Amino acid sequence: MTQVQNALPLAQGQGDTRLQQAGWLRLSASQTDALAAVQRRHGIDLSLMRGRAAIEEAGFVLVPVEMVIRQHQKYQETCVLFMLGEDQLISVEQDVRLEALDVAGEQLLQAQRAGRRLDPATILFTLIEVLNDSARAAVSELSEQLDTRSETVAVASGGFEMSKRQAGVADIAGTAIALGEAEELVARMVEGQLMLARAGRWLRRFARSATLSQSLNMLLSDIHSLRRYARFQHDKIRNLQQSLMTTLDLKQNQVIKVFTVVTAVFTPPTLLAAFYGQNFAYMPELELVWGEWLVMGLTGFFSLMPLFYIKRKGWMR
């Protein structure tokens, strides 16, 4: 998961000018001069330092939205601050230029060319809708990756890989680390959906038409549905992690069991060897012609006795 550090400036084109006339001013954290001018005009702080709370200030509603997007073949954490008023919508992209908002801009321009009247509330509705679609694509992509991880976990749980080598701790550790990163990513996705839903609820106060209110209800339902789907992916990750930990415990128990059996088998011969290693002055069996064979036989017998007992108890399974 990569977070972009350098903010990209937003290009000002003819389309952006038309959208500004419709009420949407799109800014980036890198546009310091334009951002400072807006802050002076309205007396509102538009930086990340203001926190994550949604507030009303100077006739505007300020709602930050932090979310995870899938862009340039990688996941990126980003934040957009929406400043919604009766006559103007200002958006500030803090980390990276969002391709989803580019798509939303094209949709708004097409609607404008079709003769549809745009207002700040309608524009924000379109932005939230497109961001939700982008989040859905990110969750779907992650779900496919989790399916691949599930196969890896199944292989590790089965005990053997294609090379017939038993999967060990190192094999499982790599998968466990990847699952931990995915769990954090999904948690941020769920949080992003909560922040999108909050932005939608604040938008209710500016929805003047019944059509927009009805569409907003459907959008909020879709956002909550996607949040539940993301939580399902989170639960899937937790189940995979639990399966991995159980597999790891079983493998460790298997290793300990092998050493335990080996120790039990070789303990009696070790005891006999220690006994006959004593420097006694007189050992009668040393005078027997078959004394060596007797000791060897006893050693073998006492070695097989623990093995027979362990096998009968079923501890070798």
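A quick note: this is a predicted structure, and the numbers were derived from the prediction, not measured. Atom set for the values below is all heavy atoms of this structure, side chains included, hydrogens, waters and symmetry mates excluded.
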Subject >> Rounded distance (nearest 0.5 Å) linking atom OH of Y229 with atom OG of S140 >> reply: 5.0 Å

**OP:** Could you tell me whether the side chains of S209 and T211 share a donor-acceptor contact shorter than 3.5 Å?
**Re:** no

Subject >> pair Q233-L146: side-chain heavy atoms closer than 4.5 Å >> reply: yes

**OP:** Grab the two heavy atoms, one from A100 and one from S134, that are nearest each other, plus how far apart they are.
**Re:** CB-CB, 4.0 Å

**OP:** Answer yes or no: does atom CZ of R238 have more than 12 heavy-atom neighbours from other residues, nucleotides or ligands under 6.0 Å?
**Re:** no

**OP:** State plainly whether the residues R26 and E93 are in salt-bridge range, i.e. N to O under 4.0 Å.
**Re:** yes

Original post:
If you count the non-hydrogen atoms of other residues, nucleotides and ligands that lie under 6.0 Å from CD in Q214, is the total more than 12?
Top reply: no

Original post:
At their closest point, which heavy atom of L118 faces which heavy atom of A111, and how far apart are they?
Top reply: CD2-CB, 4.5 Å

Original post:
Under 4.5 Å between side-chain heavy atoms, hopping through other hydrophobics if needed: is there a path connecting M296 to L304?
Top reply: no

Subject >> Distance-minimising heavy-atom pair for A207 and S213 >> reply: CB-OG, 3.7 Å

**OP:** Determine whether Q39 and D45 make a side-chain contact, defined as any pair of heavy atoms from C-beta on separated by less than 4.5 Å.
**Re:** yes

Original post:
Is it true that L212 and V130 fall in one hydrophobic cluster, defined by side-chain heavy atoms closer than 4.5 Å?
Top reply: no

Original post:
Are more than 12 heavy atoms from other residues, nucleotides or ligands located less than 6.0 Å from atom CZ of R117?
Top reply: no

Subject >> Gap between atom CG of L226 and atom OG of S221 - 0.5 Å precision >> reply: 11.5 Å

**OP:** Evaluate the criterion side-chain contact (heavy atoms from CB on, under 4.5 Å) for residue pair E77 and R188; output intermediate values, then yes/no.
**Re:** CA-CA 8 Å; E77 297 178 31; R188 293 187 180 276; 3.3 Å; yes

Original post:
With the 4.5 Å side-chain cut-off for hydrophobic clustering, are L185 and I177 part of the same group?
Top reply: no

Subject >> Same cluster (ILVMFWY, side-chain, under 4.5 Å), L271 and L307 >> reply: no

Subject >> Main-chain N/O of S28 paired to Q31 side chain as donor or acceptor, under 3.5 Å >> reply: yes

Subject >> Nearest non-hydrogen partners of L35 and A29, listed with the distance >> reply: CD2-CA, 4.3 Å

Original post:
Is the backbone of T263 close enough, under 3.5 Å, to the side chain of T267 for a donor and an acceptor to pair up by distance?
Top reply: yes

**OP:** Over all heavy atoms of both residues, which pair between F206 and G85 is shortest? Give the atoms and the distance, please.
**Re:** CE2-C, 3.7 Å

**OP:** Quick one: list whatever passes salt bridge (charged side-chain N to carboxylate O under 4.0 Å, His left out) with R198, sequence neighbours left out.
**Re:** none

Subject >> N/O donor-acceptor pair under 3.5 Å between R208 side chain and R205 backbone >> reply: yes

Original post:
How many angstroms lie between OG1 in T78 and CG in L131, if you round to the nearest 0.5 Å?
Top reply: 9.5 Å

**OP:** Check whether any side-chain N or O of T270 sits under 3.5 Å from a backbone N or O of F266 as a donor-acceptor pair, and report yes or no.
**Re:** yes

Original post:
If only atom types and distance count, is the side chain of D222 paired as donor or acceptor with the main-chain N or O of M218 below 3.5 Å?
Top reply: no

Subject >> Nearest-0.5 Å distance, CE of residue M195 to CD1 of residue I128 >> reply: 12.0 Å

Original post:
If only atom types and distance count, is the side chain of Y75 paired as donor or acceptor with the main-chain N or O of L142 below 3.5 Å?
Top reply: yes

Original post:
Shared ILVMFWY cluster between V258 and F308, side chains joined below 4.5 angstrom?
Top reply: no

Original post:
Per the side chain to side chain contact (heavy atoms under 4.5 Å, CB included) rule, which among I69, V139, L194 passes with M189?
Top reply: V139

Original post:
What heavy-atom pair brings L46 and M83 nearest, and what distance separates the two atoms?
Top reply: CD2-SD, 3.6 Å

Subject >> Step-by-step side-chain contact (heavy atoms from CB on, under 4.5 Å) determination, L27 to L25 >> reply: CA-CA 6 Å; L27 297 175; L25 177 60; 4.1 Å; yes

Original post:
Hey, is CE on M245 packed in by over 12 heavy atoms from elsewhere, all under 6.0 Å?
Top reply: yes

Original post:
Is a side-chain N or O of Q241 found less than 3.5 angstrom from the main chain of E183, in a donor-acceptor match?
Top reply: no

Original post:
Distance from I223 atom CD1 to L219 atom CG, nearest 0.5 Å?
Top reply: 4.0 Å

**OP:** Give the intermediate values and the outcome of side-chain contact (heavy atoms from CB on, under 4.5 Å) for residues N217 and R204.
**Re:** CA-CA 9 Å; N217 290 333; R204 286 182 186 275; 2.8 Å; yes

**OP:** Please say whether more than 12 non-hydrogen atoms of neighbouring residues, nucleotides or ligands are located less than 6.0 Å from CG in D87.
**Re:** no

Subject >> side chain to side chain contact (heavy atoms under 4.5 Å, CB included) partners of A137, counting only residues at least two apart >> reply: none

Subject >> From CA spacing to verdict: side-chain contact (heavy atoms from CB on, under 4.5 Å), V63, L84 >> reply: CA-CA 8 Å; V63 184; L84 178 62; over 6 Å; no

Original post:
For the atom pair NE2 (H224) and CG (L196), what is the distance rounded to the nearest 0.5 Å?
Top reply: 10.5 Å

**OP:** Consider only side-chain N and O atoms of R227 and N132, and report whether a donor and an acceptor are under 3.5 Å apart.
**Re:** no

Subject >> Residues D147, K236: salt bridge by 4.0 Å N-O rule >> reply: yes

**OP:** Establish, from distance only, whether the side-chain atoms of T122 and D119 form a donor-acceptor pair under 3.5 Å.
**Re:** yes

Subject >> Donor-acceptor contact present, side-chain Q88 to main-chain W24, <3.5 Å >> reply: no

Original post:
Do E99 and H72 touch side chain to side chain, with heavy atoms closer than 4.5 Å?
Top reply: yes

Original post:
ring pair (Phe, Tyr, Trp, His ring centres under 6.0 Å) with H42: which residues, sequence neighbours excluded?
Top reply: F60

Original post:
Are the side chains of L127 and F82 in touch, meaning some heavy atoms are under 4.5 Å apart?
Top reply: yes

